[in-house]
Amino acid sequence: MLFPRPLIDGYRAFLTGRLRTEQDRYRELAESGQSPEIMVIGCCDSRCSPEVIFNARPGELFVVRNIANLVPPFAPDAQAHGVSAALEFGVMALKVKNIVVLGHAQCGGVRAFAEDSEPLTPGDFIGNWMKLMAPAAEKVGPRGTRSASDYLTLLEQANVALSLENLMTFPRLRARVERGDLELHGAYFGVATGQLSVRDPATGKFTQVAADDYGRLFPRPRF
Ligand SMILES: [Zn+2]
């Protein structure tokens, strides 16, 4: 069995690039332990790596990723809850100061939900997982006359809002938010454009950040 070639090549690039410049930091983090102040809940999508989008250094982001960046509501049963376990560690042990739910455009999980896609296996793990976003879809309402892409964008953004709501169902997390020790944020990454938008908690609207830099670096084509 051969280890994938792109990974070996990528690792070689890491050795001559990041590791060379960050070696002291890695050593320091190994000794002192990690203390990231920001936790990101993102999608598994290979185009939306939070460390890449936010140009994060080692030790800066505590990341949990799953299909469609969902946070299941607090459920203190004896089942295995991956996101809850990550939240427990991030909030109670690392005491992160910010949690960012990072949604994105062209999310396959959200599309699978919207199109009620055929299960990929008899277990239909994606279908069962994506049922979590039903309350977000209810808020958006039926597609009506909207274009498919506008409708999916609304669903993707409502899904971020739902995950933020579900975070607040975790009592100890909520207590930290209410004490002002923890802030929750929603963000949305446009895969095709590279634009990042942040959710205004008062209005629920997403607004592009660093729009000035973006406009300067990527001017709109003139027709
Ligand atoms: Zn996705």
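Every number for a ligand or one of its atoms is a count from 1 in the order of the listing. Because only heavy atoms are used, hydrogens play no part in the values below, and waters and symmetry mates are left out as well, while side chains stay in. In what follows, residues are counted from 1 in the order of the sequence shown.
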- Does Cys44 put an N, O or S atom under 2.8 Å from the Zn ion (ligand 1)? no
- Near Arg12 CZ, under 6.0 Å, is it more than 12 heavy atoms from other residues, nucleotides or ligands? no
- Item | Contacts of type side-chain contact (heavy atoms from CB on, under 4.5 Å), residue Pro4, not counting sequence neighbours | Pro6, Leu7
- Would you mind telling me which of Gln208, Glu156, His104 makes a side-chain hydrogen bond (donor to acceptor under 3.5 Å, both in side chains) with Tyr188? Glu156
- Is the distance from the Zn ion (ligand 1) to the nearest N/O/S atom of Cys48 under 2.8 Å? no
- Can you tell me the N, O or S atom of His104 that's nearest the Zn ion (ligand 1)? NE2
- Message: Within the 4.5 Å heavy-atom criterion, are Arg25 and Glu60 side-chain neighbours or not?
- Response: yes
